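What you see is a predicted model; the values in this text were computed from it and never measured. Both backbone and side-chain heavy atoms feed into the values below; hydrogens, waters and symmetry mates do not. Residue numbering restarts at 1 for every chain, and letters A, B, ... go by the order of the sequence lines.
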There are 2 protein chains.
Amino acid sequence: MRIRIDPTLPTPLFEQLAGAVRSAIIDGRVIGGERLPAARRLAEGLGVNLHTVLRGYRLLRDEGLIELHRGRGAVVATRIGGHAALAGAVHDLVDEAKLHDLPESALLALVSEAYRSAPSAPGVLRTGPTR
Amino acid sequence: MRIRIDPTLPTPLFEQLAGAVRSAIIDGRVIGGERLPAARRLAEGLGVNLHTVLRGYRLLRDEGLIELHRGRGAVVATRIGGHAALAGAVHDLVDEAKLHDLPESALLALVSEAYRSAPSAPGVLRTGPTR
DNA sequence: CGACTTGTTCGACTATCGATAGAACAATAA
DNA sequence: TTATTGTTCTATCGATAGTCGAACAAGTCG
């Protein structure tokens, strides 16, 4: 998995990192159980601080995409499979938005608002960070 | 159009304001050509600063949803019609995300990444703020 | 056990952002 | 003209975000 970080972008480094890994997971390019690079090694390789990498990892953990264990490192969650339907829905939405010439920020705001005012998935115990 | 502002939420006030108006426009609850409240009056009514309201309006203008003119006020853009398909796509995506128990932040990041790495709409001259 | 690896926690610093404020300005409406 | 309305500029203040250094604790492995 190739990870690219650009310090000149307005997007925070830890978010860029998490975004790269997240996409790889959703697209199925990394399988459940696969181990990610150790934070310290990745940090050195990318030229960023240890905490920056760990913050990205922690973000993915809070999203339920990976697991973190001391001494064992970061591992992709096993329950994660290829979310083809999800990836498709994302693609469709982006197409529709660009058709209407709607900017990214507006699209994100719409999704955010819809997410908050929609009922949660049935039969699911919501736990962990709600933010 | 009812607008609610909650200073205790982490979401910035100007974003809350813009979000409320944006949803109303996309959902078709306000029609193209309709005039929005004057910034000074709305600010006083909501108990916020004039600049805060104007920032929200400016955001919507940059998104192409409204028009701003001195002395004339803020008016919903006429080219705006029923974005039923868009609203539907948003709804579908949120459903799919909740089905996979994917948090809001992760969903937004996915959409953002997809938006940036997707080709622009054909035959459309992109202008204005790119951010 | 003992050495090593790896994530965790505490604390701190700096830059940016959000909100407010006041004042003057320019275009439009009545 | 007079009143209205958005625009621009400058400035201040507090809170939040992003990055970083050092010490710590849980786990792995020979």
Starting at [atom1] of [X] and ending at [atom2] of [N], how long is that distance when rounded to a whole Å?
X	N	atom1	atom2	result
Leu46(A)	dT19(D)	CG	P	12 Å
Leu9(A)	dA17(D)	CG	P	20 Å
Gln16(A)	dT19(D)	CD	C1'	14 Å
His69(A)	dA25(D)	NE2	C1'	16 Å
Asp62(A)	dT8(C)	CG	P	10 Å
Arg70(B)	dA27(C)	CZ	P	5 Å
Arg58(A)	dT8(C)	CZ	P	7 Å

Answer yes or no: is there a donor N or O on one side and an acceptor on the other, between the side chain of [X] and the main chain of [Y], under 3.5 Å?
X	Y	answer
Glu15(A)	Pro12(A)	no
Arg35(B)	Arg72(B)	yes
Ser23(B)	Gly19(B)	yes
Ser112(B)	Leu108(B)	no

Q: Test Ile25(A) against every option in Leu36(A), Leu65(A), Ile31(A) by the side-chain contact (heavy atoms from CB on, under 4.5 Å) rule and name the one that passes.
A: Leu65(A)
Q. Charged N to carboxylate O under 4.0 angstrom, Glu63(B) versus Arg22(B)?
A. yes
(Q) Looking at Glu67(B) and Arg61(B), is any side-chain nitrogen of the basic one under 4.0 Å from a carboxylate oxygen of the acidic one? (A) no
Could you pull out the protein-nucleic contacts involving nucleotides 18-22 of chain C (nitrogen or oxygen on both sides, under 3.5 Å)?
from, atom 1, to, atom 2, distance (Å)
dG18(C), OP2, Arg55(B), NH2, 2.9
dA19(C), OP1, Leu13(B), N, 2.3
dA19(C), OP2, Leu13(B), N, 3.4
dT20(C), OP2, Asn49(B), N, 3.1
dT20(C), OP2, Thr52(B), OG1, 2.6
dA21(C), OP2, Asn49(B), ND2, 3.2
dG22(C), O6, His51(B), NE2, 2.6

Q. Near DNA chain C, under 4.0 Å by heavy atom, which residues of residues 35-45 of chain B?
A. none
Q) To the nearest 10 degrees, what angle separates the axes at the start and end of the helix from dC1(C)-dG30(D) to dA30(C)-dT1(D), five pairs each? A) 40°
Q) Does the pair Phe14(A) and Val53(A) meet the rule for a side chain to side chain contact (heavy atoms under 4.5 Å, CB included), with working shown? A) CA-CA 6 Å; Phe14(A) 77 92; Val53(A) 172; over 6 Å; no
Q.
With a 6.0 Å cut-off (strictly less than), is the heavy-atom count around NE2 of His69(B), excluding the residue itself, greater than 12?
A. yes
Q | Step-by-step side chain to side chain contact (heavy atoms under 4.5 Å, CB included) determination, Leu17(B) to Leu42(B) | A | CA-CA 10 Å; Leu17(B) 170 62; Leu42(B) 184 54; 4.0 Å; yes
Q.
Checking side-chain polar atoms at under 3.5 Å, does Thr11(B) have a donor or acceptor matched by the opposite partner on Gln16(B)?
A. no
Q.
For dA29(C) and Arg72(B) - does any side-chain N or O of the residue sit under 4.0 Å from the phosphate oxygens OP1/OP2?
A. yes
Q: Describe the nucleic acid contact of Leu68(B) in one word from base, sugar-phosphate, nothing, applying a heavy-atom distance below 4.0 Å.
A: sugar-phosphate
